[in-house]
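All ligand and atom numbering here is 1-based and tracks the order in the structure.
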Amino acid sequence: MNVEALRFPGREFDPSTGVARFHYALGDLVLTETVDFGPPSVVHPALDRVLDLLYVAASTSYYKIAAPTRVELGFPLAEKALPWVTALFREGLGEFAYQNTLPYVLDLEILPGPYAEPPADVHEPAGAPLAAVGGGKDSIVSMEALQRAGLDPVLFAVNPNPIIRAVCAVSPQPTRFVRRTLDPRMRELNANGAYNGHIPVTAINSLIAVAASLMHGLGPVVMSNEASASVPNLNWLGRDINHQWSKGLPAEAHLRDALLAHAGLQEAYFSLLRGLSELHIAALFAKFTAYDAVVTSCNQAFKQRDATDRWCGHCPKCRFVFLAMAPFTGRERLLGIFGTDIFADSTQLPGYRELMGLTAHKPFECVGEIEESLVALRLLAQQDEWKDTLIVSALVAEAALPSDAEVEATFRGDGPNLVPPVYLAALEGLGAAR
Ligand SMILES: CC(=O)N[C@H]1[C@@H](OP(=O)(O)OP(=O)(O)OC[C@H]2O[C@@H](n3ccc(=O)[nH]c3=O)[C@H](O)[C@@H]2O)O[C@H](CO)[C@@H](O)[C@@H]1O[C@H](C)C(=O)N[C@@H](C)C(=O)N[C@@H](CCC(=O)O)C(=O)O
Ligand SMILES: Nc1ncnc2c1ncn2[C@@H]1O[C@H](COP(=O)(O)OP(=O)(O)OP(=O)(O)O)[C@@H](O)[C@H]1O
């Protein structure tokens, strides 16, 4: 499809039903995304401005269909929200640009509309936190930290699948779910050769969560994005390409700035686990056995069609999470969680060699840093029940294992973060990782 720009012909929100519709134009083709929040219980003055930001974030799914050389916003946004918009497209679509060899996307032209007036007031959401749940180990650690600290979180998900629902059901905390529907013509366009690829989906889920929190008088949105989400997969044409860009710290900081500049919201959004490595989170997760029958981090389970029931057992994320949990759960418990022994399967070796940095780049998936994989390997090499397994023994023969100091640094948990002190204390309340 050859069009010159993505345009924003308008959006609607019905405050009685809580249904928002976002329209996007690629030439004559107008596509619509629907977000059904359910009826709001509170009228919050910042909501309309948050929906503006969501209108921009959700546009990335539609931009990618034709990848035009320009984005024309055409509607008012605060000038200080524009750095977020620029980063959302140029960095959030970095993997898409790389996979489709579209280098201009990394410097995409973004034409702002008129600047919006600054918000009349600044609000700091002060109610119970809204904890975003993805069904994996990370959000479970946050759910437990918030609940144990008496912060009484409301558990939140966009399009919860049976896994997310089952994880939430283990917790006594209340839930709030939102349904998001892509334009149904997306699949047809894909089948007819439209561009396809990864989009910054966490930015979309995050803004849906902020809007939902305002609609019900709740407190800040608490994400569970970890330190390693900020680490790029590779460098292309001198630019960092990060599959997890919208889960990273720069994206979090940009979005907080945009929320303040455009909607007057302060401390409305942060990631509780930002300062922690994946291994540290896995060690904390291992303290809670109640979720073992439901926890699932594999992305194959989150597809809209042909989703797996739980762990697929042969993707980079399954490999990484098996590796990250193994030092802390013991063998019997881990095989129970995954339903398969990944370390006994020789076909997994090439995938593990990638995770250890022995070949290619870190996979385009939500996996930890190479250093973290090596630390996990070193811990496993010291454990009798793991050290002689096919995968561990093969990798130990090839990899350079990290030093004591590197192992210690992995569990310090003091990485850069934007977590308010009361929430940091909640996390510390879970105790030491090991
Ligand atoms: C579940 C998954 O991994 N999906 C990625 C996959 O899409 P696939 O076609 O296999 O399945 P669907 O997700 O059902 O997508 C159908 C089509 O719809 C498009 N689409 C989907 C969601 C959306 O928000 N916008 C969309 O336009 C999609 O492009 C398909 O055409 O491959 C796609 C192409 O690479 C990916 O775009 C799909 O990724 C989803 C957006 C997704 O939800 N992925 C998360 C599980 C994910 O990767 N999370 C990252 C977070 C990264 C971030 O920066 O936010 C992570 O955990 O690291
Ligand atoms: N469907 C969703 N609705 C709302 N928030 C989500 C959803 N999926 C993910 N999130 C949020 O984004 C964060 C990152 O997603 P991710 O899938 O990496 O995490 P996870 O499922 O908690 O753990 P894991 O990394 O083990 O899969 C989650 O911790 C959660 O805060």
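Considering only non-hydrogen protein atoms, atom 27 (O) of ligand 1 sits nearest to K64 NZ, 2.7 Å. For atom 20 (N) of ligand 1, the closest non-hydrogen atom of the protein is L182 CD1, 3.6 Å. The nearest heavy-atom contact from the protein to atom 8 (P) of ligand 1 is K303 NZ, 3.9 Å. Counting protein heavy atoms only, atom 3 (O) of ligand 1 is closest to N299 CB, 3.9 Å. The protein heavy atom nearest to atom 39 (O) of ligand 1 is H198 ND1, 4.0 Å.
Here's the thing with M223: none of its N/O atoms is less than 3.5 angstrom from an N/O atom of ligand 2. Considering backbone and side-chain atoms together, D138 places an N or O closer than 3.5 Å to an N or O of ligand 2. In terms of N/O distances under 3.5 Å, ligand 2 is not approached by T296. Taking only nitrogen or oxygen atoms, main chain and side chain alike, A132 reaches within less than 3.5 Å of ligand 2. For ligand 2, the polar-atom distance check against A157 finds no nitrogen or oxygen pair separated by under 3.5 Å. For the pair E226 and ligand 2, the shortest N or O to N or O distance does not fall below 3.5 Å. Not one N or O of P200 is nearer than 3.5 Å to an N or O of ligand 1, by distance alone. Polar contact check, T202 against ligand 2: no nitrogen or oxygen pair lies under 3.5 Å apart. At least one N/O-N/O distance between S224 and ligand 2 falls below 3.5 Å. On a distance-only criterion, E278 and ligand 2 share no N/O pair closer than 3.5 Å. For ligand 2, the polar-atom distance check finds an N/O of G134 within less than 3.5 Å of one of the ligand's N/O atoms.
Closest to atom 41 (C) of ligand 1 by heavy atom, among D138, V201, N205, is V201. When the heavy-atom distances from atom 1 (C) of ligand 1 to F96, Y195, F302 are ranked, the shortest goes to F302. Which of E95, R180, Q99 comes nearest to atom 24 (O) of ligand 1 through a heavy atom is settled by distance: it is R180. Scanning H243, Q244, Q300 for the heavy atom closest to atom 50 (C) of ligand 1 points to H243.
Of all the heavy atoms of N299, none lies under 4.0 Å from any atom of ligand 2, so neither backbone nor side chain is involved. The proximity of N190 to ligand 1, defined as any non-hydrogen pair under 4.0 Å, is limited to the side chain. With a heavy-atom cut-off of 4.0 Å, N196 touches ligand 1 through its side chain alone.
No more than 12 heavy atoms of other residues, nucleotides or ligands sit less than 6.0 Å from atom NZ of K80.
The aromatic rings of F13 and F37 sit perpendicular, their planes meeting at an angle over 60°, well past the 30° parallel limit. In this pair, F8 and Y24 present their aromatic rings perpendicular. The plane angle is above 60°, beyond the 30 to 60° band.
A 4.5 Å side-chain heavy-atom check between S213 and P220 finds every atom pair outside the cut-off. Counting only heavy atoms from C-beta outward, the side chains of F22 and L31 never approach each other to under 4.5 Å. Taking the side chain as every heavy atom from C-beta outward, F285 and V321 never approach each other to under 4.5 Å.
Contact analysis puts N225 in contact with ligand 2, with a non-hydrogen atom separation below 4.0 angstrom. Residue-ligand proximity: I208 is placed with every non-hydrogen atom at 4.0 Å or more from ligand 2.
What you find for E226 and R274 is that their closest heavy atoms are O-NH1, 3.1 Å.
Shown in contact with S297 at under 4.0 Å from a heavy atom are these atoms of ligand 2, numbered in order with element: 24 (P), 26 (O), 27 (O). Proximity to G197 (heavy-atom distance under 4.0 Å) selects the following atoms of ligand 1: 29 (O), 34 (C), 35 (O), 37 (O). The N205 neighbourhood of ligand 2 comprises atoms 2 (C), 7 (C), with distances under 4.0 Å to a heavy atom of that residue. Within ligand 2, counting atoms from 1 as listed, the ones closer than 4.0 Å to a heavy atom of I164 are 1 (N).
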